[in-house]
Amino acid sequence: MTRTVLITGTSSGYGKAMADLFHRHGWNVVATMRRPDAGVFAPSPRLAVLPFDVTDTKSIDKAIDQGIAAFGTIDVLVNNAGIGLASIVEATPDRVVREIFETNTFGTMAMCQAIIPRFRERGTGTIVNVTSSATLAPFALVAAYTASKTAIEGFTASLALELAAFGVR
């Protein structure tokens, strides 16, 4: 049986590269992006490109439901969608910091909350939360971004412990 991966943030960069890699290895791929562009990927019956906003719970539920409708199940969730930022803290407007956290942190958590019941029901599933090398050592000009990704590091470590008994990695 062909496995299915849902990847957030696939319009470019790591998300696109991951979608291409999974597809090359025979997986069904649910590729999500804010503004779908049919030209990003070659057409394939094993590929569904869906509009998606990680900060909108209706969009999250719709993408998961459409992915399941297209391929029968989702085996792996890759939370890749994110917003980068290079700015000194005192010059970064509060609304920008909140936008970074809404996407990078709360969006990732919301995706997990939406998919976990399906994974638990099946007794299997894998969640990959993409963070950043900025969490490994301090860098100037990325405090808000680093904070948003470091929060996901802690969240992921705790989540792994919560889900292990249910066959979810």
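Source: prediction; values computed, not measured.
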Residue pairs passing the side chain to side chain donor-acceptor pair (under 3.5 Å) test where at least one lies in residues 157-167, sequence neighbours excluded
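Qualifying pairs, neighbours excluded: none.
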Could I get the full list of salt bridge (Lys or Arg N to Asp or Glu O under 4.0 Å) partners for [X], not counting sequence neighbours?
X	result
R34	none
R3	none
D53	none

Qualifying salt bridge (Lys or Arg N to Asp or Glu O under 4.0 Å) pairs with a residue from residues 10-19, counting only residues at least two apart or across chains:
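Of all non-adjacent pairs touching residues 10-19, those that pass salt bridge (Lys or Arg N to Asp or Glu O under 4.0 Å) are K16-D20.
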Residue pairs involving residues 66-85 (criterion salt bridge (Lys or Arg N to Asp or Glu O under 4.0 Å); sequence neighbours excluded):
D75-R122
Holding to side chain to side chain contact (heavy atoms under 4.5 Å, CB included), I want the full list of residues that pass it with [X], two or more places apart in sequence or in another chain.
X	value
L136	S133
T131	T135, K149, I152, E153
R95	P93
S12	none

Tabulate below the donor-acceptor pairs under 3.5 Å that side-chain atoms of residues 110-120 make, not counting sequence neighbours, or state none.
unit_1	atom_1	unit_2	atom_2	d
R118	NH1	A114	O	3.0
R118	NH2	D65	OD1	2.8

Is V29 isolated, or which residues cluster with it under the ILVMFWY side-chain rule of less than 4.5 Å, directly or via members?
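Same cluster as V29: V5, I7, Y14, M18, F22, W27, M33, V40, F41, L47, V49, V76, V78, V128, V130.
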Ignoring hydrogens, what is the shortest heavy-atom contact between F101 and S148? Give both atom names and the distance.
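Taking F101 first and S148 second, the nearest heavy atoms are CZ-N, 3.5 Å.
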